[in-house]
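Encoded as structure tokens, the structure appears first; notes follow it.
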Amino acid sequence: MIITKVLGNTASDEGAKIATSRHVETLNIDGPALLKRIQRLTTDHGTEIGIRLSPSAPLLHDGDIVHFDEANAIVVKVMPTDVLVIAPPTIVSMAFVAHSLGNRHLPAQFFGKDSEYGTECMVVQYDHTVVEFLEHHSIPYSRQERVVPEPFRHAEHSH
């Protein structure tokens, strides 16, 4: 089976109806694989899936429905990523951390108080050198397994 587009997401009312009224097979994908437009995967029930998304198509997300018929649906499940949740207590310390980690070209995501993290924070992929930096500067952080809304990717840039 070749998948060329996303048909919905279980987070929407329509997508939830599709998933709850059918037998669901799960397509487990890790964060870095979400960036790949062409790949071959296998569902948790052994169904082989080929994904071939156009360059203009959005990336896959947790809960995306990539196939359904009268009896079955195939839904993307993004596997958790090992991340550091960094929550400096002041804007000055956040700026210091963001600037320092930005110099390392480390991809980061930022969240507000109303996010699932419950605080304003910066989330980066786990890296032992970042832990050493944070501990050296007494910056609060925690290491967690999280499904991040967007895969981490390096921004294109030049010096």
Side-chain angles (χ1 to χ4, degrees), residues 1-87 94-95 97-117 120-130 133 141 143-159:
M1 176 182 313
I2 304 292
I3 304 300
T4 59
K5 64 182 175 180
V6 173
L7 306 174
N9 190 290
T10 58
S12 73
D13 290 341
E14 185 178 321
K17 269 187 192 177
I18 291 169
T20 57
S21 64
R22 291 165 174 81
H23 172 265
V24 174
E25 290 187 45
T26 303
L27 193 57
N28 294 313
I29 302 178
D30 65 11
L34 293 173
L35 298 171
K36 297 179 183 176
R37 301 264 176 208
I38 299 171
Q39 56 187 314
R40 182 174 301 279
L41 302 164
T42 304
T43 69
D44 62 340
H45 287 67
T47 304
E48 290 189 19
I49 303 291
I51 295 181
R52 186 175 56 221
L53 300 175
S54 73
S56 62
L59 297 174
L60 293 172
H61 292 89
D62 192 53
D64 279 349
I65 301 167
V66 295
H67 171 78
F68 70 91
D69 56 29
E70 289 181 20
N72 301 301
I74 299 175
V75 177
V76 171
K77 176 163 179 44
V78 177
M79 304 309 295
T81 301
D82 190 8
V83 297
L84 296 172
V85 179
I86 306 166
M94 177 56 94
V97 169
H99 176 74
S100 298
L101 297 182
N103 278 340
R104 299 177 186 206
H105 304 290
L106 189 67
Q109 297 181 26
F110 298 88
F111 298 90
K113 288 180 184 176
D114 59 343
S115 71
E116 65 185 80
Y117 296 95
E120 294 176 326
C121 63
M122 174 181 180
V123 178
V124 299
Q125 285 180 294
Y126 172 79
D127 181 315
H128 70 91
T129 63
V130 174
F133 166 82
Y141 75 93
R143 184 175 178 182
Q144 301 177 15
E145 290 282 323
R146 290 286 188 147
V147 175
V148 291
E150 297 292 327
F152 288 103
R153 71 171 108 188
H154 290 279
E156 294 181 23
H157 70 284
S158 62
H159 289 274

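Note that the coordinates shown come from a computational prediction; the quantities given were computed from them, not determined experimentally. Side chains included, hydrogens not; waters and symmetry mates left out as well; all remaining heavy atoms used.
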| request: Write down the atom of Met122, the atom of Ala108, and the distance for their closest heavy-atom approach. | output: CE-CB, 3.7 Å
| note | Closest heavy-atom pair, Leu84 versus Tyr126, reported as atoms and distance to 0.1 Å, is CD2-CD1, 3.7 Å
| field | Selection residues 105-114 - residue pairs positive for salt bridge (charged side-chain N to carboxylate O under 4.0 Å, His left out), sequence neighbours left out | value | none
| Is Asp30 reaching over with its side chain to a backbone N or O of Met79, donor-acceptor style, under 3.5 angstrom? | no
| Side-chain donor/acceptor of Gln39 to backbone N/O of Ala33, under 3.5 Å | yes
| Whether His45 and His23 hold their rings parallel, tilted or perpendicular, with breakpoints at 30° and 60° | perpendicular
| request: Say whether, by atom type as modelled, one donor and one acceptor occur between the side chain of Arg22 and the main chain of Asp69 under 3.5 angstrom. | output: yes
| query | Is there side-chain contact between Asp44 and Lys77, with at least one heavy-atom pair below 4.5 Å? | reply | no
| said: Could you check whether any side-chain heavy atom of Phe111 comes within less than 4.5 Å of a side-chain heavy atom of Val85, counting everything from C-beta outward? | reply: no
| request: Check Asn9, Asp64, Thr10 against Val76 for a side-chain contact (heavy atoms from CB on, under 4.5 Å) and give me the one that passes. | output: Asp64
| said: Could you tell me if Asn28 and Thr26 have a donor-acceptor pair between their side chains, going purely by distance under 3.5 Å? | reply: no
| task | Quick one: pull up CG in Leu27 and CD1 in Ile29 and give me the separation to the nearest 0.5 Å. | result | 4.5 Å
| Side chains of Leu59 and Arg37: does their closest heavy-atom pair fall under 4.5 Å? | yes
| query | Roughly how far, to the nearest 0.5 Å, is the CZ atom of Arg52 from the CD1 atom of Ile3? | reply | 10.5 Å
| said: A quick test of your reading: do over 12 heavy atoms of other residues, nucleotides or ligands sit less than 6.0 Å from CD of Gln144? | reply: yes
| task | May I ask you to test the Thr81-Arg146 pair for a side-chain heavy-atom distance under 4.5 Å? | result | no
| task | Starting at NZ of Lys5, measure out to CG of Leu53 and round the result to the nearest 0.5 Å. | result | 11.5 Å
| note | Output for pair (Leu60 CG, Lys36 NZ), nearest 0.5 Å, gives 12.5 Å
| Does the side-chain contact (heavy atoms from CB on, under 4.5 Å) test come out yes or no for Arg143 and Asp82, once each step is laid out? | CA-CA 7 Å; Arg143 184 175 178 182; Asp82 190 8; 2.5 Å; yes
| request: Test side-chain contact (heavy atoms from CB on, under 4.5 Å) on Val130 and Arg104 and set out the steps. | output: CA-CA 10 Å; Val130 174; Arg104 299 177 186 206; 4.0 Å; yes
| Point-to-point distance, once rounded to the nearest 0.5 Å, from CG of Leu34 to CD1 of Ile51 | 9.0 Å
| remark: Taken to the nearest 0.5 Å, the spacing of Ile18 CD1 from His67 NE2 works out to 11.5 Å
